[in-house]
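First up is the structure itself, then whatever we jot down about it.
Proteins get letters first, then strands, A, B, ... in listed order; numbering begins at 1 in each.
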There are 2 protein chains.
Amino acid sequence: MNEKVTSNDVAKKAGVSQATVSRVINNYSFVRESTREKVLQAIEEMGFTPDQVARSLNMRKTGTIGLIVGDISNPFFSETAKVIIGEARESGFDVIISDTDHSDQNLGKAIQTLIGKRVDGMLIGSVGRFDTNVQQLVDKRFPLVMYNTRLDRDDCNYVVINNVKGARVAMKHLLDLGHQKIAYISGNTKYSTLYDRLNGYHETIKKQGLPFRQDYVYDGELTVAGLQRFLQTPWQDEERPTAFFASNDQIALLLMEAALSLGIRVPEDISIIGFDNISYSAKPFIQLTTVSQQHRRMASLALEKLIQLMNTDDKTLKVSANLEPEIIVRNTSAALEQ
Amino acid sequence: MNEKVTSNDVAKKAGVSQATVSRVINNYSFVRESTREKVLQAIEEMGFTPDQVARSLNMRKTGTIGLIVGDISNPFFSETAKVIIGEARESGFDVIISDTDHSDQNLGKAIQTLIGKRVDGMLIGSVGRFDTNVQQLVDKRFPLVMYNTRLDRDDCNYVVINNVKGARVAMKHLLDLGHQKIAYISGNTKYSTLYDRLNGYHETIKKQGLPFRQDYVYDGELTVAGLQRFLQTPWQDEERPTAFFASNDQIALLLMEAALSLGIRVPEDISIIGFDNISYSAKPFIQLTTVSQQHRRMASLALEKLIQLMNTDDKTLKVSANLEPEIIVRNTSAALEQ
DNA sequence: GTGAAAGCGCTAACAG
DNA sequence: CTGTTAGCGCTTTCAC
């Protein structure tokens with residue numbers, strides 16, 4: 001910024017050695033009060049701000065963590081990011097955010113630049129089950145905690161909910177309301193989260209002895225137009241799904257849009273249940289029934305675990321946590337009218 | 001990460017000097033092809049990633065910019081952040097995000113840590129008109145571009161729309177629909193954006209020869225409960241506002257919630273117009289009439305300007321830009337029924 | 001073309 | 001308590 005005042009300049013002005021300046025900015029205890037004050041005053045007068053870059057270089061830590069998400073404009077991620085940024089700061093960390101747009105290639109690049117920047121640890125909210133870039137990080141035992149999604153291996157650190165169970169809970173809710181013909185809108189199953197939810201759906205269908213119909217599972221483009229086409233599938237009347245389980249709230253909202261545009265009423269004509277409980281789902285004009293994955297708590301825990309990881313030398317420490325899914329019944333699901 | 005491989009290690013392995021390694025990772029031209037390849041191979045084999053911290057230290061730049069916003073979970077900011085993060089990466093910058101929770105004190109601290117981290121520049125989306133911390137940055141000619149809000153002085157860099165005009169446009173829309181009794185829901189006027197919009201409201205009221213009523217302006221707590229109380233103000237029937245101008249979309253949504261909970265229909269009973277055009281406002285179950293401030297374009301421009309600023313030594317360069325407000329008419333505003 | 005050497009601004013022993 | 005001395009891992013002259 002202005003004419004680069006360094007600890008050396010401060011030292012000269014205060015008439016002490018540069019090391020002493022370093023001692024006072026680091027609150028080292030054994031500095032005579034009078035010299036401490038001299039230094040402090042010089043710092044004040046010269047507008048000195050310690051250079052964290054230099055500091056990082058020989059401390060081998062930067063006080064920065066990397067946060068990688070698939071889409072920061074998705075409320076799920078912006079809401080978790082808020083928690084992470086806030087609590088990280090309280091613990092003395094800044095956070096660099098990378099947005100991958102759900103591309104594996106971008107994820108790879110993001111990891112590379114973050115490694116280059118020597119972040120002390122990473123939090124990853126979107127990672128494919130078999131992502132090779134993240135696998136390598138794990139193999140290297142780089143301090144890393146995944147949340148929301150995780151790799152398909154156990155020797156890694158993550159905070160997730162039991163998504164199979166979450167899907168089961170969602171299905172049970174629909175079944176309890178009398179629905180039997182339940183369609184599923186799948187997101188990209190490269191993510192464990194979405195893969196597990198799909199499995200929970202399948203599992204429930206099977207356990208209930210319901211016929212499995214491939215045409216009840218949508219895995220096309222996640223746009224209003226695509227979902228409109230799905231809703232307009234030429235089912236026989238008695239085969240038409242009466243309930244739709246969307247693999248997350250964003251998708252559920254899209255589905256609600258599609259239904260609305262087609263004059264299909266929710267929940268009168270069809271019931272809809274989502275997953276995640278993003279804050280918009282609670283809005284009175286939406287009132288989406290959904291399953292909470294306690295995302296703020298998840299974010300908070302993930303950071304807490306990461307900090308543990310960064311503070312230990314035990315390369316074998318496991319810090320994963322599992323949260324419980326929780327159903328939130330609102331107005332988009334209703335009993336099936338006979 | 002793993003056992004810290006440095007350019008020195010690479011140099012030894014490749015049988016060249018460390019300086020040469022530096023030359024190849026920086027794509028310096030005058031390196032013999034054969035030695036370049038030797039080095040590249042050693043880098044590959046050893047899994048070497050250049051230490052950007054060391055690099056930053058003597059290049060006096062970090063390739064990192066700071067982004068400060070009032071609330072990253074607000075879609076306006078997460079959507080602009082997405083643009084900024086994406087385009088910054090394309091230009092070789094990472095971004096550290098600070099979330100101030102709209103507190104001036106947090107803003108001050110955020111600036112301090114970002115300065116300490118030696119970011120190459122800053123983008124600030126939320127700054128009070130007279131904020132002293134940011135004033136100091138401007139005085140120092142630190143590379144800084146504000147967007148959305150700005151300081152109340154002209155010798156600073158910003159990208160904003162003409163908010164007075166935007167408010168005028170919003171008011172005109174309501175007036176054209178026959179509304180005369182128009183209430184205004186004010187946000188915190190420490191922000192230029194919200195200050196200007198309030199002025200645009202006042203100005204229009206005056207120019208139209210409409211009576212100015214203090215009880216038409218709400219500047220209480222921005223919660224559903226607070227807005228419910230406002231809607232329940234014991235106005236005489238003929239004094240009851242027929243239209244509400246909310247100073248931004250978030251607030252408009254809260255107002256819609258409040259109205260809904262009170263059984264007040266929009267737009268049948270009251271018209272509502274917002275400001276910002278966040279993506280949720282376009283959702284079919286919301287369909288909020290609003291004024292766009294082209295926020296993605298604003299973010300993109302702000303970053304572009306910042307990059308200009310960071311690439312010049314001309315400390316007097318001014319890079320501000322003004323965008324035009326644009327009304328988006330949807331379903332929350334309707335002609336006044338006589 | 002390539003090596004040697006001098007820092008970038010700080011922290012961390014090690015003396016005294 | 002405080003100064004001196006090495007680096008941290010790079011980039012960048014300046015020679016050869």
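A search for ring-ring contact (aromatic ring centres under 6.0 Å, His included) contacts involving A/Phe76 returns A/His295, not counting sequence neighbours.
The separation between A/Lys61 atom NZ and C/dC10 atom P is 18 Å, rounded to whole Å. Counting to the nearest Å, the P atom of C/dG3 and the NZ atom of B/Lys12 are 14 Å from each other. Following rounding to the nearest Å, A/Asp9 (CG) and C/dC8 (P) show an atom-to-atom distance of 11 Å. Between the CZ atom of B/Arg36 and the P atom of C/dT2 there is a distance of 9 Å, rounded to whole Å.
A side-chain donor from one of A/Asp314 and A/Thr316 sits under 3.5 Å from a side-chain acceptor of the other. Using modelled atom types and a 3.5 Å distance limit, the side chains of A/Ser7 and A/Gln18 yield a donor-acceptor pair.
Within the structure, side chain to side chain donor-acceptor pair (under 3.5 Å) contacts touching residues 31-44 of chain A (residues at least two apart or in different chains) are A/Gln41-A/Glu45.
The side-chain tip of B/Arg129 does not point at the ring of B/Tyr191 from less than 6.0 angstrom away and within 45° of straight on. Judged by a 6.0 Å distance limit and a 45° cone about the ring axis, A/Arg23 is not positioned over the six-membered ring of A/Phe30.
The side chain of B/Thr20 places an N or O atom within less than 4.0 Å of a non-bridging phosphate oxygen (OP1 or OP2) of C/dG3.
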request  = Could you encode protein contacts along nucleotides 6-13 of chain D as a string, one character per nucleotide from 5' to 3', using B for base contact, S for sugar-phosphate-only contact and - for no contact, with a heavy-atom cut-off of under 4.0 Å?
outcome  = -BBBBBBB
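Backbone-only contact: A/Thr35 has heavy atoms under 4.0 Å from sugar-phosphate atoms and none from a base.
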